[in-house]
Number of protein chains: 2
Amino acid sequence: MDNQRTQAIKRHSFRETTCQSCTLRSLCLPLSLTTKNLEKLDSIIARGRPFEKGEMLFRQGESFGSLFALRSGCVKTYSVTDSGEEQITGFYLPGELVGLSGIDTDIFPVNAIAIETTTVCEIPYPKFEGLTDEIPELKRQLISSLSKTIRRDMQMMLLLSQKDAEARIANFLLDLSTRIERRGYSADFIYLAMSRNEIANYLGLAVETVSRIFSRLQKAQAINVNGRAVDILDVAALTKAAGSCLFNEKKDSREEIPSVNTG
Amino acid sequence: MDNQRTQAIKRHSFRETTCQSCTLRSLCLPLSLTTKNLEKLDSIIARGRPFEKGEMLFRQGESFGSLFALRSGCVKTYSVTDSGEEQITGFYLPGELVGLSGIDTDIFPVNAIAIETTTVCEIPYPKFEGLTDEIPELKRQLISSLSKTIRRDMQMMLLLSQKDAEARIANFLLDLSTRIERRGYSADFIYLAMSRNEIANYLGLAVETVSRIFSRLQKAQAINVNGRAVDILDVAALTKAAGSCLFNEKKDSREEIPSVNTG
DNA sequence: CGTTGCGTTGAGACATTTCAAAATGTGTGG
DNA sequence: CCACACATTTTGAAATGTCTCAACGCAACG
């Protein structure tokens, strides 16, 4: 069954795609480039065979050579400390850029591994950097991606330092939902590419806690969990569980919540 | 006494300084610029009067106009959620850039406030971005700063999600120590510009926990605490308490710790 | 010299982890 | 297609680290 899916994805003519024809164009670096500049960008991009589940895009410590834009699938990045602990630092979906953290050291500070069959556009960085000199818009796009990553990380820090387990999970789900919706899919259904263990690691929780919270949220009718398939039944409830998080991109503004500050 | 210090700092001819003559040059954007380009950069930089303790460099939600390079003092950035919770997202020391997270939205996502008398170089971003077109090296410098921030944030995420209170504090101290040393000061003495409360908030702990850990580390002869003055007595002990953290910049490599992986 | 803000210390409460085990899902070879 | 092994997920009960609440000490300040 997994084989069938894999085969189906493989049949996609991944080699033939161009930035011009890419459905993810509006989410990715090409955003707002002129046709001519789009061609320039497209000309430096390498599109290889898909990465199968478990294959690594790059390894921690390896010399930084390329950025990777995801076209399909899912990638996680993680780093390993001296003592062997793993810390997952991010999950990446189609349209998102992997590898940004390596730019300034020439060394990837993390591992990147496909957690399901994944196709990517490989963007050789030296060439790309050359292009950013010619195309200010592309430079702006890159800087924007970096800045966005920083804001995302800040939100993650907030989550980890102030929120309890339930809020972390709720935020995690809402975040995925938003990112999926951005690609035009239904925001109400999430197929988790990652295991409970990976979620737990990412969110700084024990696996058991993740499992328990999933059950609790299901009991509360906020979600419906079936293994890795998650239906979001009650966005409002989930949002409430998530707690007020900075720039809650997922904001049901049906009713204004007055900011009740006692004091 | 605080007044004396304040006055002393005020007397510095902050207005006259140039990038060329700045002692922080090697830590800051000017790094590796040619004399000519340095002048260009210098020409767009605004140097105003110092920010007194409690004055804000910019506010969350304000339109993003400038980056700020710290010349002296200390700044914290923090964001406030809808419900009024504050989350400190970073402390900044001389030579470091504040405001990077605002670049791609044109809105500052955080507040930045001086927690002691602070002088800054204000870098108007539109002009600066123009310069990055002319000076690829400057562009690289900016991208590098962004990337570095991302790596720093990743480490912070690791800290918050996997480390206990003691490890967080130890890391916090070692991090400050490294950053102070980079400026040429002794790594063994830290004057904390921030309150226990701010440390606690930043590290995702209760104030009381911070206080207890300080006491515990002192009892263990790892540090000597006297209010906001902290002496680092035993780097090795502190490093051990910090646990193996990714790219432990502060690494006493007197003895190689063999990576003992059971399995 | 009381007030105020900040830091420290103690005792009990609570959320999450840890340990242990059952339940479910997945892959493999017969 | 089944049987079996193995990995993942779920659930329960006890252990633990951190938080909360409360009191106290200390220094700065009017």
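In the text below, chain A, chain B and the rest are named by the order of the sequence lines, each starting its count at 1.
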Nearest whole angstrom, please: distance from the [atom2] of [N] to the [atom1] of [X].
X        : N      : atom1 : atom2 : result
A:Arg216 : D:dG12 : CZ    : C1'   : 15 Å
B:Leu203 : D:dG17 : CG    : P     : 19 Å
B:Leu192 : C:dC6  : CG    : P     : 15 Å
B:Ile169 : C:dG7  : CD1   : P     : 12 Å
B:Arg168 : D:dT18 : CZ    : C1'   : 10 Å
A:Glu166 : C:dT16 : CD    : P     : 9 Å
B:Leu160 : C:dT16 : CG    : P     : 15 Å
B:Ile115 : C:dC6  : CD1   : C1'   : 15 Å

On the side chain of B:Glu198, is there an atom forming a donor-acceptor pair with the base of C:dC6 - under 3.5 Å, no angle test? no

Tell me if the side-chain of A:Arg212 makes a donor-acceptor pair with the base of D:dG12, cut-off 3.5 Å, by modelled atom types. yes

Output the single nucleotide from D:dT11, D:dC21, C:dT17 whose closest atom is nearest the side chain of A:Ala206. C:dT17

Nearest to the side chain of B:Asp164 - D:dT18, C:dG10, C:dT16? D:dT18

Side-chain ion pair, B:Asp175 and B:Arg152, N-O less than 4.0 Å: yes

Which is it for B:Arg49 and B:Glu55 under the salt bridge (Lys or Arg N to Asp or Glu O under 4.0 Å) test, yes or no, and what are the steps along the way? CA-CA 12 Å; B:Arg49 64 166 181 76; B:Glu55 279 191 273; 2.7 Å; yes

Would you tabulate the pairs of protein nitrogen or oxygen atoms and nucleotide nitrogen or oxygen atoms of nucleotides 7-9 of chain D closer than 3.5 angstrom?
from  : atom 1 : to       : atom 2 : distance (Å)
D:dT9 : OP1    : A:Arg196 : N      : 3.3
D:dT9 : OP2    : A:Arg196 : N      : 3.3

Looking at residues at least two apart in the chain, or sitting in another chain, which of them share a side-chain hydrogen bond (donor to acceptor under 3.5 Å, both in side chains) with B:Glu62? none

Parallel, tilted or perpendicular: which describes the rings of A:Phe91 and A:Tyr202, with under 30° parallel and over 60° perpendicular? perpendicular

Without placing hydrogens or testing angles, list every side-chain donor-acceptor pair under 3.5 Å for residues 227-238 of chain A, not counting sequence neighbours.
from     : atom 1 : to       : atom 2 : distance (Å)
A:Arg228 : NH1    : A:Ala193 : O      : 3.0
A:Asp234 : OD1    : A:Ala236 : N      : 3.2
A:Asp234 : OD1    : A:Ala237 : N      : 3.0

Compare side-chain N and O positions of B:Thr209 against OP1 and OP2 of D:dC19 and report whether any pair is under 4.0 Å apart. yes

Residue closer to the 5' end of DNA chain C, A:Glu208 versus A:Asn226 (nearest nucleotide): A:Glu208

Between B:Thr81 and B:Gln87: side-chain donor-acceptor atoms closer than 3.5 Å: no

Walk me through whether A:Ile115 and A:Val75 qualify under side chain to side chain contact (heavy atoms under 4.5 Å, CB included). CA-CA 6 Å; A:Ile115 60 177; A:Val75 166; over 6 Å; no

